[in-house]
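Encoded as structure tokens, the structure appears first; notes follow it.
For clarity, every value in this text was computed on a predicted model and none was experimentally measured.
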Amino acid sequence: MSQVPPPPPSQPASTGGTPAASNTKTNVILAYLLWWITGLIFLFVGKNDPDEKWNAAQSVVVLGGIWLIGVIVSIVFAPVGALIYLVAIIYWIIFLIGAFNYQGGHIKAPGIAQFTDGLTDSLANAVK
């Protein structure tokens with residue numbers, strides 16, 4: 001009778017930085033996934049990672065702000081509100097593409113970053 005060799009020893013867990021970076025990327029994607037709602041959630045979930053917290057705050061500021069403006073304008077004049085929602089969808093797609101290609105840092109809002117970055121910084125710094 002031949003003996004069956006024992007199974008190889010299990011590999012030790014990696015102590016490198018890759019899992020944390022992957023976790024941050026996943027959380028940034030999730031922060032933008034359901035507009036400002038998941039941004040608000042991940043603003044508090046990711047409060048220990050400044051980049052994650054900043055991107056979640058931007059989701060709340062930009063997407064939440066456009067959503068709120070769209071609601072108010074839609075009450076007064078629905079066609080303009082629909083155009084505002086179209087702009088919001090475009091920003092949402094830009095943020096999702098940026099999140100899926102995330103390499104660290106902040107995903108800037110094209111065209112309006114100069115106006116929104118200050119609000120985003122204030123919101124991100126307000127959450128401790």
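- The two residues V127 and K47 come nearest to each other via the heavy atoms CG1-CB, 4.2 Å.
- Of all heavy-atom pairs spanning A57 and T120, the tightest one is CB-O, 3.8 Å.
- Residue L86 is not grouped with residue I72 when hydrophobic side chains (ILVMFWY) are merged at heavy-atom distances under 4.5 angstrom, including chains of intermediate members.
- Rounding to the nearest 0.5 angstrom, the gap separating the CD1 atom in I29 from the CZ atom in F100 is 4.5 Å.
- The same ILVMFWY cluster, assembled from side-chain heavy atoms under 4.5 Å apart, contains both V87 and Y85.
- The backbone N or O of G105 lies less than 3.5 Å from a partner atom in the side chain of N55, making a donor-acceptor pair.
- I69 and I94 are not part of a single hydrophobic cluster, where members link through side-chain heavy atoms under 4.5 Å apart.
- Counting only heavy atoms from C-beta outward, the side chains of V60 and L123 approach each other to under 4.5 Å.
- Atoms CG and CD1, on D51 and I107 in that order, are 9.5 Å from each other to the nearest 0.5 Å.
- I75 and I84 fall within a single hydrophobic cluster, where Ile, Leu, Val, Met, Phe, Trp and Tyr side chains are chained together by heavy-atom contacts under 4.5 Å.
- Within 6.0 Å of the CD atom in Q103, the count of heavy atoms belonging to other residues, nucleotides or ligands does not exceed 12.
- Listed by chain and number, the residues in a ring pair (Phe, Tyr, Trp, His ring centres under 6.0 Å) with F42 amount to none (sequence neighbours excluded).
- Residues W92 and S59 fail the side-chain proximity criterion, which asks for heavy atoms closer than 4.5 Å.
- Side chains of Y102 and T24 form a contact here, defined as non-hydrogen atoms less than 4.5 Å apart.
- Cluster annotation: V61 is not connected to I90 through the hydrophobic network of ILVMFWY side chains, with a link wherever side-chain heavy atoms come within less than 4.5 Å.
- Here I66 contributes atom CD1 and I89 contributes atom CD1; the two are 10.5 Å apart, rounded to the nearest 0.5 Å.
- Residues G81 and S74 approach most closely at CA-OG, 3.3 Å, considering heavy atoms.
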**Item:** Intermediate values then yes/no, side-chain contact (heavy atoms from CB on, under 4.5 Å), D117 and W54
**Value:** CA-CA 9 Å; D117 283 356; W54 192 92; 3.5 Å; yes

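- Y32 places no side-chain N or O within donor-acceptor distance of the main-chain N or O of T38, the cut-off being under 3.5 Å.
- In this structure, NZ in K25 is found 12.0 Å from CG in L30, a value given to the nearest 0.5 Å.
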**Request:** Run the numbers on W36 and W67 for ring-ring contact (aromatic ring centres under 6.0 Å, His included), then give the verdict.
**Result:** CA-CA 9 Å; W36 61 271; W67 175 82; 5.3 Å; yes

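- Between atom CG of residue L40 and atom CG of residue L63 there is a gap of 12.5 Å, rounded to the nearest 0.5 Å.
- Atom CD in E52 sits 9.0 Å away from atom OG1 in T26 (nearest 0.5 Å).
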